[in-house]
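One structure is given below, encoded as C-alpha cells.
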Amino acid sequence: MSSDSPQGGDVFDIDRIRQIVELMEQHELSEVDLQQADDRIRLTRGVAVPVAPVAQAVPVAAPAPPPSTPQPTAAPAPAAEATASGDIPGTITINSPMVGTFYSKPNPESPSFVDVGQSIHNDTVVCIIEAMKVFNEIPAECSGKVVEVLAKDQQAVDFGMPLFRVQVDG
Amino acid sequence: MSSDSPQGGDVFDIDRIRQIVELMEQHELSEVDLQQADDRIRLTRGVAVPVAPVAQAVPVAAPAPPPSTPQPTAAPAPAAEATASGDIPGTITINSPMVGTFYSKPNPESPSFVDVGQSIHNDTVVCIIEAMKVFNEIPAECSGKVVEVLAKDQQAVDFGMPLFRVQVDG
Amino acid sequence: MFKRVLIANRGEIALRVIRACREMGIESVAVFSEADRESMHVRLADRALCVGPPRGTDSYLKVDQIIAAAEVADVDAIHPGYGFLAENAQFNEACRSSGFEFIGPSPTAMEQLGDKNTARSMAIKQQVPVVPGSDGLIADFDRAGDVAAEIGFPVLIKATAGGGGKGMRVAETPDVLKSQLEAARNEAMAAFGNGGVYLEKFVQQPRHIEVQVIADSHGNVCHLFERDCSVQRRHQKLVEEAPSPDLPPEARDAICQAAVRMIAGASYVGAGTVEFIVDKNYDFYFIEVNARIQVEHPVSELVTGVDLIQEQIRVAAGEPLSFKQGDLVCDGVAIECRINAEDAARNFQPCPGKIQSMFAPGGLGVRFDSHATTGYVVPPYYDSMIGKLIVHRPTRDLAIATMKRALNELQIDGIRTTVPFHHWILNDPAFLDGSVDTKYVDRVFSPDVLG
Amino acid sequence: MFKRVLIANRGEIALRVIRACREMGIESVAVFSEADRESMHVRLADRALCVGPPRGTDSYLKVDQIIAAAEVADVDAIHPGYGFLAENAQFNEACRSSGFEFIGPSPTAMEQLGDKNTARSMAIKQQVPVVPGSDGLIADFDRAGDVAAEIGFPVLIKATAGGGGKGMRVAETPDVLKSQLEAARNEAMAAFGNGGVYLEKFVQQPRHIEVQVIADSHGNVCHLFERDCSVQRRHQKLVEEAPSPDLPPEARDAICQAAVRMIAGASYVGAGTVEFIVDKNYDFYFIEVNARIQVEHPVSELVTGVDLIQEQIRVAAGEPLSFKQGDLVCDGVAIECRINAEDAARNFQPCPGKIQSMFAPGGLGVRFDSHATTGYVVPPYYDSMIGKLIVHRPTRDLAIATMKRALNELQIDGIRTTVPFHHWILNDPAFLDGSVDTKYVDRVFSPDVLG
C-alpha cells in the first residue's frame, strides 16, 4: 500500500483509516496517534480510559509512561499473576503481590533463586518478599525463561511492581 | 484519489471529509486529526465548541479555533474589516468595529441602509453604530451581495460581532 | 518529633495530612491503590507505595500491607485519617506492636468509646447528660415494655454496635414496639454480626451539635467550641458550621464543658469529637464520641486558627498542645459544604467519572480542600467526596454570601456534584434563620427544589 | 447601592471585583480583548463585552470603548482595578461626565496626588515627613549644585512625572551630578514627555513600607495598618507582608497616623496607599500616594478581615465604611507571593504560553487569587502576573512554613513562573530575620541561587 510513497503512504487513505478504526473498536482503543516524519494519523474514540486522562492532564508530573507505551505498573496485578508487557513482545513480567523487601536469594551465602537465562515453571520459587517479619516465597505462576531481573536484592518493593521479565514458552 | 498530489490531495475535499465524518459517527469517534507536511484535517465530535465553558478550560480549546471548526466570534476582526467565515462557503461577515448600539436605518421612518439581496461596495454605509452619543456610519469595506442581516435594529453590539453576511463578488 | 509519617488513607484527608507534615518539616509517605496511582496525594507525598488493587478491602483496609509499607518506608508513626482503618482498634494495636506510633487515642480508649453502651456509662459517670433509656442491653420484650413505659413513647431502638442509622428503629406506640424491636435486632445482626439493642427516649426534631476536643499526654484537655451539623440527609452530613447559629452562650458553655469532662474521664490522648443531640429547650444529650479527626474539622480550625492535624501529630509525639484553653476564642463564622460526586437530582446517586475541567474558587475567606483537578477521574470504589468548600467571614450573613459566591465560582465539568443541593440549602429560609434540625432535609428536600 | 458595575480591567483583579460584586448582590459586567475571550473573568461575570483587539492600547486602554460598553450595559459605576486606566484622571472624568460613578477618588484628588511635586507639598502641609530635597523642580545646574550641597551627597534625581524607577538617577558625588541630571532629564522626557526633575536625599538601604487607607464621604478616614514590600527586584514588588516584620509599635503608629493625615488633607474618598521609605533608625519619609487599589491589598484584608473591594464600592456609592478605626486589629501575619509567568533563571523574562496542567494549593491559611487554570493560555500582551498566593497564620514563622508548603503544592506545567524565586527568598536568612531592604534582591539574587 505504501510502496508508492516513502512517507508510508497517503495518510488520508480512507480504507486504511477504516481498518484502524475497526481495530480501535475491536480492541476498545481510546486513541490512535501515528506519525512518521511530517505524516500523522491521530484517532480518539469514545471517552478516555481512566489511566489516560490524568496522564494527559499532567504530562510532566505523571510518573506513568506516555499512553502509547503500556504501563506494567497500571496493569491489574492480583497476587503474583504475571501480566502482559508490551514493550518487549513475547515477554511478561512477574509483579510483586505485596509490599515488602525483595530477597533474590534464600540467604546471603546461597545463590539466587533464579538467574537470567534460567527456565522457570508455575511453582518455581523466584524470590522471597519479607513483610512484617514474614518471609513469603513467591512462585513464578508462569513458565518460560527469565530474561531480566528487574528488582535489586533487598530492595523495597510495592504492590504490582515488576520483579522479573520472562520470555514465555511456546 | 490523491495519486495526483504528493500532499494527499485537497484537504478541503468535501467527499473525503464526509466519509471521515460518517466513520466518526458510525464508530463514535470524538476526534480525527490528520496531517501530512503542511496539510492537516482535524475533526472533533461531541465535545463542546470553545463558546461553552467546558471547552474553554480543556487543553483542546486554544483561543484561536482549529482550522476545521471556524467560529465567527473568535475570528480576529480589526475594525470593520470583513473576515472569512467558513460555515457558509463563499461568504464573509462584516463585523462591528466598536462597542455600541446598532442602527439599521438612519432614522425610525426611513428604510434600512441595506437589505438582504442588495449589492454593496467598499464605501456603502451598511449601518450606524452609536457610541458615547456619536453616530458612526459603518462602511461595508467589501463588495458583494448581502445575504443575511445578523444584528437587530438598536441591538447592543460589541467589538468583532458579525453584523452582516455577504456573498462576495467573483 | 517524628521524622517520617505514613498516611493510611487517600483523597483530600491524605492531602490534608501531607500539608501538615510538610509545614512541620516531617516527611510524608503515602499509600495508594492502583485506582489512585495518579492521585494528588501520591504526587505530593515525599514517597508513595502501592498497597493493592482498587477495592478498599484489597488496599486501604489491608492492615498487613499498610504495616509492611510502614516498615519498608521506615516511618515513625501512622496517621489513619478518617474512615477506612481510623477507628479500628486492632489496626491501632497492630501499628503500636509493630513499633509505629498510631496518631490517635489508645486502642483501649478507642474500644471503650467505640462501644455505645460503655460510652454511655462513662458519660453518666462524668455527669454528661444522656438520653433517658435502658441502661444496658434489652434482653427480652417484657423488659423493653417496662423501660419504654418508663421513659415514655416514642422510643428509639438502637443497635449497640450500630452506626449511620443502621439497626435504628422508632416505636411511636406500645403496639409496634415488639415488631420494631425484632426488625432492629435482625438489621443489627445482619449489618454488624451483633444483635444487641437498647432503648432510649426519641428526641424529636433534634439538632446535631458536636464539640471538637483534643487532649495531650500532659493532662491538657481543650475544646475548640462546637460545630452544628444539623444539615443531614439520611444521617449523612452535608453542611457543617461553627459556631452553631442557634445556641445561647450558657448552653454552649455547658455543652463544651460536658465534652471536656467526657474526654478527661476516658484517659484519652489525641483529637476527638463528642456528639450531642440538642432539643428545642437546648437540653443536650450525649450520643457518641468519634475517636478520630473528622471530615468537618476545618470549620473549627478556621474559627480558632488552630491546625488540628498538626496538634494531633504533636500530641501523638508526646509533646504538649501548642495552646491553652484560655488562648482560644471563637472568631467569626465558618461554614463547610461537602462537594460529593453525587447527583442530587437523582437521589444523590454517586457519579464517578472524569472531571473534564475544573476551576477552584479563591478570594477572601475561601478555603478549598480537594485532591481533584482537571483530568482527575473519580474512582467508583470509594466514598464520593471530592472536596470540601469552606468559608470563614466575620458574620454568618457574610459567610453565607461568600459561600454562595464560591459555589457559583467552583466549576466542575464532566461529573455531577452536590453543588446544586448546596445552592438550595443556602437559600432556604430555615437554614438562613438557623432553625434546621437533623430531619429537615429528609422532610423538605426533593429534586424539584433544585433550580 | 449600585445595581450593576462594569470592571474596566482583566485577569485576577477583574475576578476579584466580580467576587466582591456577587457577594454584595451587584451585577458585574466584564470587558475583554479578543485575547481574553476565554478568560475566567469573562466566564464569571454576569455579562461580558469585547472592546477590541489584543493589544492593551486597542482595548483595555480605549476610553471611548470602555465608556460605550458601560452605556450599552447600562451600569451605574465603573471599577478600574489597578494598572490600565486606574490612575488616569481623564478617564476618571470621562466616566463621571458620562453619568457613571468612578470607583476611586475624584479626578482632582487623583491629579494632585499623581503629581509628585504637588503631593510632596501636601505632605509637608500635613506634617508628613518627606525626604529632604529641592522643593520644586530643578531648573538649572547651579541650583542643583546648591541643593545637593545643602542636603548632602549621595542625592537622588527623580522625574516629576516618573514612576517604576524610570527617570531616576543617583549622584554619589558632586562631579557626576551634571551628567546624571542630564541622563535623568532625557530619560524622563523620552518616557513621559516631561523632563521635569527634582533632587532629594538618597536614603540608603531603605525599607518600602506602605499604609493601606480608605476614606468615605462622611469624613471617616481609616488605615488598615502597614504592608512591608521591601522584597523588590528592579523596583518591582515580588513579596508583600503585613505587618512589617521589622517596625517597633511606636514607629508603626506614627507612620499609620501620618498616612491618615495625608489622605484626610486631600479631600479623598476611596481606597488608597501611602508609600514611605524607612531607614535603619525607623525614620520614615513620604514617597507617594497610589490613588487606586493595589495588587497587594489582600494581605491587609487577611490581617483585618475587611473586604477592601466591597468597601471601595460602598464608599463610591456614598455609603459610610462598614467599620470604624477602633474595630480594626492587626491579627496574625499575612504574606503574598506574586506568581508571574516569568523565568527567574533567565532575568525574569516573560514566559507567555499555555498552562498544560495546574493544581491550585488549598488547606488551612491559604488564599489563591488567580484567573489561571488548566488549559489557560497566558497572552503575551499584558503584564505577566497569573496569580497571587497569599497565606495568613497566627505567627510569621507559621506563615512562612505555610507559604513554602503552598508554593510546593502549586503546580503549573507548561510555562515558567516566579515560584523558584519565592522558594529562594523564603529560605533566605535576611528575609527570615526581616532585614531585607528594597535593594537586597538586586544585590544578592542571581540565577545560581535557584535550586
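Proteins come first, then strands; the chains are lettered A, B, ... in the order of their sequence lines, and each starts at number 1. Because the structure is a prediction, the values reported are computed rather than measured.
Taking each heavy atom of A:A156 and C:R47 in turn, the nearest pair found is CB-NH2, 3.6 Å. Nearest heavy-atom pair across A:F159 and C:V51 is CB-C, 3.8 Å. Heavy atoms only, all atoms of each residue included: A:M132 and C:A68 are closest at CG-N, 4.2 Å.
When the candidates C:A69, C:A35, C:G52 are compared by the number of heavy-atom contacts under 4.5 Å with chain A, C:G52 comes out ahead.
Environment of CZ in C:R416: sparse, with no more than 12 heavy atoms of neighbouring residues, nucleotides or ligands closer than 6.0 Å. In C:R55, the CZ atom is not crowded: 12 or fewer heavy atoms of neighbouring residues, nucleotides or ligands sit closer than 6.0 Å. For C:F2, the CZ atom sits in a packed shell: over 12 heavy atoms of surrounding residues, nucleotides or ligands are nearer than 6.0 Å.
Of the two parts of C:A70, neither the backbone nor the side chain holds a non-hydrogen atom closer than 4.5 Å to a non-hydrogen atom of chain A.
Between the side chain of C:Q65 and the backbone N or O of A:M98, no donor-acceptor pair lies under 3.5 Å. A:D158 contributes a side-chain N or O that, together with a main-chain N or O of C:C50, makes up a donor-acceptor pair within less than 3.5 Å.
Between the CD atom of A:E130 and the CD atom of C:E71 there is a distance of 6.0 Å, given to the nearest 0.5 Å.
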